[in-house]
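Comments concern the structure below.
For the numbers below, each heavy atom of this structure counts, side chains included, while hydrogens, waters and symmetry mates do not.
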Amino acid sequence: GTPTFMEALAANGTTNIQTSVTGVTASKQRFIDDRRDQPFDNRLHFSVRQTESVYWYRDTVVRKQDGFTHILLSTKSSENNSLNPEVMKEVQSALNTAAADDSKLVLFSAVGSIFCCGLDFIYFIRRLTDDRKKESTKMAEAIRNFVNTFIQFKKPIIVAVNGPAIGLGASILPLCDVVWANEKAWFQTPYTTFGQSPDGCSSLTFPRIMGLAS
């Protein structure tokens with residue numbers, strides 16, 4: 001079979017890492033394809049960005065509305081609203097701005113038929129072809145800062161989940177105050193499949209919410 005994520009990190013050479021990129025990406029796409037009812041609609045990306053052009057950035061759309069800030073994932077630097085350092089920094093920046101302005105709360109959602117596909121494995125694995133220790137430290141720090149921003153945010157965060165929430169896209173949800181999910185939403189944390197340890201504090205929050213058995 002295809003090497004797992006951690007096997008690729010332990011192996012030497014670019015070939016094994018590129019093989020892992022292909023395998024992990026295909027596996028994650030199967031999670032989506034097996035469950036979702038409609039394709040990711042890039043036209044909706046374009047429509048929202050045109051309508052809210054004053055507020056859009058590369059990977060997010062930020063709408064300042066009466067009394068609250070609406071942050072939408074609409075990624076250009078990754079597929080399926082997955083999270084790499086660029087995406088995470090934009091979300092952090094929007095949250096930090098909302099924390100300091102007159103917004104009473106934040107509404108966090110996504111454009112398209114997928115809420116968030118978790119970590120962008122392609123981005124991360126490709127950077128491990130160089131100095132792995134240095135790059136791994138940078139990755140861990142980026143994820144830690146992203147998660148801490150949600151933990152330390154003092155205003156309510158309301159999340160609207162419109163489709164698949166996978167990995168880190170699901171584990172950040174308990175760090176928010178209210179989560180609304182429509183009929184097309186589903187949640188998956190395939191950490192063992194990808195050779196990952198749980199992220200986003202989910203080893204603490206999930207047992208508290210669902211119980212140890214679940």
Side-chain angles (χ1 to χ4, degrees), residues 5-6 9 24 28 55-64 68-101 103 105-111 114-161 165-179 187-191 194-206 208-209:
F5 180 68
M6 292 306 296
L9 302 190
V24 168
K28 186 174 280 191
Y55 302 106
W56 72 264
Y57 304 92
R58 185 182 184 190
D59 293 302
T60 59
V61 177
V62 180
R63 301 168 58 182
K64 292 292 183 181
F68 70 97
T69 298
H70 189 181
I71 303 171
L72 299 96
L73 285 177
S74 179
T75 60
K76 291 280 192 179
S77 64
S78 67
E79 294 183 357
N80 295 328
N81 288 333
S82 56
L83 302 169
N84 58 40
E86 281 75 15
V87 179
M88 290 189 279
K89 284 178 182 176
E90 282 197 15
V91 174
Q92 286 175 252
S93 176
L95 285 172
N96 289 334
T97 299
D101 66 18
S103 298
L105 58 85
V106 165
L107 174 61
F108 186 48
S109 62
V111 177
I114 297 172
F115 174 69
C116 179
C117 205
L119 291 175
D120 182 358
F121 285 141
I122 296 177
Y123 179 99
F124 287 123
I125 296 176
R126 282 177 177 167
R127 277 150 184 78
L128 293 176
T129 57
D130 301 320
D131 186 335
R132 293 187 182 181
K133 184 175 181 180
K134 179 181 178 181
E135 292 299 323
S136 296
T137 301
K138 287 171 60 178
M139 294 173 196
E141 190 66 21
I143 297 168
R144 184 180 299 112
N145 289 338
F146 178 71
V147 172
N148 280 340
T149 301
F150 281 84
I151 294 173
Q152 296 167 2
F153 194 76
K154 296 186 183 302
K155 299 176 183 180
I157 302 178
I158 314 300
V159 187
V161 184
I166 301 174
L168 187 57
S171 63
I172 61 170
L173 297 178
L175 304 179
C176 303
D177 297 279
V178 177
V179 179
F187 309 90
Q188 189 83 43
T189 50
Y191 296 124
F194 298 145
Q196 284 185 284
S197 58
D199 53 20
C201 305
S202 56
S203 58
L204 173 69
T205 58
F206 282 10
R208 284 186 173 182
I209 294 170

(message) Restricting to non-hydrogen atoms, name the atom on S78 and the atom on D120 that form the minimum distance, rounded to 0.1 Å.
(response) CB-OD2, 3.4 Å
(message) Quick check: do R63 and L72 have side-chain heavy atoms less than 4.5 Å from each other?
(response) yes
(request) Identify which one of V61, V91, I114 satisfies the side chain to side chain contact (heavy atoms under 4.5 Å, CB included) criterion when paired with L73. (result) V91
(request) For K89, look at atom NZ and say whether over 12 heavy atoms of other residues, nucleotides or ligands are found less than 6.0 Å away. (result) no
(message) Using only atom types and a distance under 3.5 Å, with no angle test, would you say the side chain of D59 pairs donor to acceptor with the backbone of S74?
(response) no
(request) Flag the pair F153 / L175 as yes when at least one side-chain heavy-atom distance between them is below 4.5 Å, and no otherwise. (result) no
(message) Are N96 and T149 packed together at the side-chain level, in the sense that at least one heavy-atom pair is separated by less than 4.5 angstrom?
(response) yes
(request) Report yes or no: do S77 and E86 form a side-chain donor-acceptor pair below 3.5 Å? (result) no
(message) Looking at D101 and K64, is there a salt bridge between them, counting it only when a charged N and a carboxylate O are closer than 4.0 Å?
(response) yes
(request) Check the pair V106 / F68 against side-chain contact (heavy atoms from CB on, under 4.5 Å), numbers first and verdict last. (result) CA-CA 6 Å; V106 165; F68 70 97; over 6 Å; no
(message) If we ignore hydrogens and angles and just use 3.5 Å, is the side chain of T137 paired with the main-chain N or O of K133 as donor and acceptor?
(response) yes
(request) Check whether any side-chain N or O of N81 sits under 3.5 Å from a backbone N or O of V111 as a donor-acceptor pair, and report yes or no. (result) yes
(request) Could you tell me whether E135 and R132 make a salt bridge, using a distance below 4.0 angstrom between a side-chain N and a carboxylate O? (result) no
(message) Using only atom types and a distance under 3.5 Å, with no angle test, would you say the side chain of K155 pairs donor to acceptor with the backbone of A98?
(response) yes
(message) Applying the side chain to side chain donor-acceptor pair (under 3.5 Å) criterion to S171, which one of T205, D199, T189 satisfies it?
(response) D199
(message) Quick one, V179 and F108 - any side-chain contact, counting heavy atoms below 4.5 Å?
(response) no
(request) Please check if the side chain of D177 supplies one atom and the backbone of I157 the other of a donor-acceptor pair under 3.5 Å. (result) yes
